[in-house]
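Okay, so here's the structure we're looking at.
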Amino acid sequence: MVTIRLTNSKTRRKEDFRPIEPSNVRMYVCGPTVYDRAHLGNARPVVVFDTLYRLLRHVYGQGHVTYVRNFTDVDDKINAEALRRQKAGSPGTLEDLIHQRTEETIAWYHADMDALGALRPSHEPRATEYIGQMIAMTQGLIDTGHAYAVEGHVLFRVRSYSDYGKLSGRSVDDMIAGARVEVAPFKEDPMDFVLWKPSSGEEPGWESPWGKGRPGWHIECSAMAHELLGESFDIHGGGLDLQFPHHENEIAQSVGACGGEFVRTWMHNGFLNIDDTKMSKSLGNFFTIADVLKKFDGESVRLFMLRTHYRSPFNFSDTLLEEARSALKRLYTALDAAGPVPDLAAIDWAEPRAAAFKAAMDDDFNTPGALAVLFDLVGDVNRGQTADAALLKALAGTLGLLQAQPKAYLQGGSSVDENFVQSRIDARTAAKQARNFAAADGIRAELAALGIELKDRPQGTTWVRA
RNA sequence: GGCGGGUUGGCGGAGAGGUUACGCACCGGAUUGCAAAUCCGUGAAGACCGGUUCGAUUCCGGUACCCGCCUCCA
């Protein structure tokens, strides 16, 4: 079995990936806080780690990979929206409205990610379903001296964990020096972070040994990962911005509670930028996935993201997205021209192009390199080696691409009636046979204006959406 | 201020110490009634300054510029 190499944020190096249990490779990725529509930046880790999930399933077997991605459904912004609705006269208790908001947001999220061709993870835990585990873990940290309760809060004692800061490469003292936040007076140390905090009257809360309150953000992931994947697991992923403080805190909590090694390989995807600047809610320069999907099909968006290595930042723009769509069109056009493509029972990884594809993927899942192999295959297919189309489709499938019917993809998204198009094509064919090229060209121009592109082939005229 | 990443052809974007990345676009040719698609072909790069080397875009050092994290954020 070929060894996959992955860049481990913890060691800042590319390492051979060796799962703790090859029969159950375990991966956790930080999911969204479900307070609103997901933006394009949210899509990047989903596509990146979906691709890794697919790769792991290929290497270790479909049933041997457990992938957990959570939903954070405890959050001020969710509460704020629920409260706004209540004040606007929506029926139901605040709790009902909170539930309503998270449910609708999760449904949007699923729809968006499905459109991007992302498989559903094995588990999608919601923070509110694991409050008991969070309380237990917090109590455990108090018992072992890693945390302390004060004024209804429970705080993690950062100085109690000597490796704090190791993942993000900073020392506690440096962090304090650079800190720009006001420090709550009850903290022993400015860097101590919240495990549990009290909730006031109308906020949702749970009974705990420290009074009615709710969990801090970081403990949620630790508790859910622990419950579903165990004390230590193979891969933990997320956006680069989560490395500090979120992932640093997760390590401190989990190691504090369980000891040992929490996560073997930490992986962080780079950002998606707008005009070379980070896209974020706070900067206000974001697009929702739903916005983008109005103009572009999800598969083009997926290809667009896979064109860049997952750790590199990349820019988003319509021009770049159009470029990705053109590239995807080339792939589907080759598949379409090759005729019916049989589903390959199994990929022969010894085949040179399959081997090249796999070599790229095994090397820190270099998707741009793997895509290059796909385009080489396109050339072969277009040159007449139509049998290669099956390999092309199979390899692309491991990236979650090219699984639609070519004709459906190439003609999809057109609002023009298919029968109408065919009737105009027939009329044009008749005109051509009569050598009335002016009329034929007129029809072609008429369809072009509707976004229909004609192709005259020996077997007859076909069409695609422009 | 501390820490980290980056600078590749017109644009996007990889790998590799010496041989075509790949995609989009452009140009020439084939094909076509003309196009489109496709094929063949051409052109085009490695921020700057040093060093190592027979040879560096690839390794090392420095300079410049850009970006990110240090604060809720994928």
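Chain letters run A, B, ... following the sequence lines, proteins first, then strands; residues in each count from 1.
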Under 4.0 Å, heavy atoms only, any strand: does [X] hit a base, just the sugar-phosphate, or nothing?
X	answer
A:D376	sugar-phosphate
A:L242	sugar-phosphate
A:L272	base
A:R69	nothing

Output the rounded distance in Å from [atom1] ([X]) to [atom2] ([N]).
X	N	atom1	atom2	answer
A:E299	B:rG23	CD	P	18 Å
A:F304	B:rC24	CZ	P	16 Å
A:D456	B:rC34	CG	C1'	10 Å
A:E453	B:rA35	CD	P	15 Å
A:L371	B:rC24	CG	P	12 Å
A:H246	B:rU71	NE2	P	15 Å
A:D380	B:rU38	CG	P	15 Å
A:H247	B:rC69	NE2	P	15 Å

Using the [atom1] atom in both, what is the distance from [N] to [M], to the nearest Å?
N	M	atom1	answer
B:rC40	B:rG4	P	47 Å
B:rA44	B:rA25	C1'	12 Å
B:rA47	B:rG41	P	29 Å
B:rC48	B:rC11	P	15 Å
B:rG5	B:rG10	P	28 Å
B:rU8	B:rG13	P	9 Å
B:rU7	B:rG12	C1'	15 Å
B:rG2	B:rG9	P	32 Å

Next on the checklist: For A:R13 and A:T11, which I'm curious about, is there any donor-acceptor pair between the side chains at under 3.5 Å?
Outcome noted: no
If you only use heavy atoms from C-beta on, which nucleotide in [options] is closest to the side chain of [X]?
X	options	result
A:R383	B:rA37, B:rG33, B:rC39	B:rC39
A:R170	B:rC70, B:rA36, B:rC72	B:rC70
A:N42	B:rC34, B:rA74, B:rC72	B:rA74
A:F271	B:rG68, B:rU38, B:rG33	B:rG68
A:R330	B:rC39, B:rC69, B:rA74	B:rC39

Checklist entry - For the side chain of A:D241 and the base of B:rG68, is some donor closer than 3.5 Å to an acceptor across the two? => result no
Item to check | Any N/O donor-acceptor pair, A:R444 side-chain to B:rA35 base, under 3.5 Å | outcome: yes
Checklist entry - Side-chain N or O of A:N269 less than 4.0 angstrom from OP1 or OP2 on B:rA74? => result no
Is the distance between the ring centroids of [X] and [Y] less than 6.0 Å?
X	Y	result
A:Y67	A:Y28	no
A:H268	A:H247	yes
A:Y161	A:F156	no

Checklist entry - Okay, side chain of A:E188, backbone of A:R159: is any donor-acceptor separation there less than 3.5 Å? => result no
Item to check | Donor-acceptor pair, side chain of A:D192 and main chain of A:V158, under 3.5 angstrom | outcome: yes
Item to check | First of A:G379 and A:F375 reached from the 5' end of RNA chain B, by closest nucleotide | outcome: A:F375
Item to check | Residue closer to the 5' end of RNA chain B, A:G169 versus A:T333 (nearest nucleotide) | outcome: A:G169
Below 3.5 Å, can you tabulate the donor-acceptor pairs from side chains in residues 106-117 of chain A to any protein atom, sequence neighbours excluded?
{"unit_1": "A:H110", "atom_1": "NE2", "unit_2": "A:E124", "atom_2": "OE1", "d": "2.8"}
{"unit_1": "A:H110", "atom_1": "NE2", "unit_2": "A:E124", "atom_2": "OE2", "d": "3.1"}
{"unit_1": "A:D114", "atom_1": "OD1", "unit_2": "A:R120", "atom_2": "NE", "d": "3.1"}
{"unit_1": "A:D114", "atom_1": "OD2", "unit_2": "A:R120", "atom_2": "NH2", "d": "2.8"}

Check this for me, if you would: do [X] and [Y] make a salt bridge, where the nitrogen-to-carboxylate-oxygen distance has to be below 4.0 angstrom?
X	Y	answer
A:R37	A:E104	no
A:K407	A:D336	yes
A:D16	A:R5	yes

Checklist outcome for this item: Parsed dot-bracket for RNA chain B after applying the Watson-Crick and G-U rules with both distances under 3.5 Å and | for other-strand partners is (((((((..(((.....[...)))..((((.......)))).....(((((..]....))))))))))))....
Item to check | Annotated protein contacts, base or backbone, on nucleotides 4-18 of chain B with a non-hydrogen cut-off under 4.0 Å, one of B, S, - each | outcome: -------BSSSS---
Next on the checklist: Tell me whether the rings of A:W266 and A:H236 are parallel (<30°), tilted (30 to 60°) or perpendicular (>60°).
Outcome noted: parallel
Checklist entry - So which of A:F193, A:W196, A:F186 actually passes ring-ring contact (aromatic ring centres under 6.0 Å, His included) with A:H153? => result A:F186
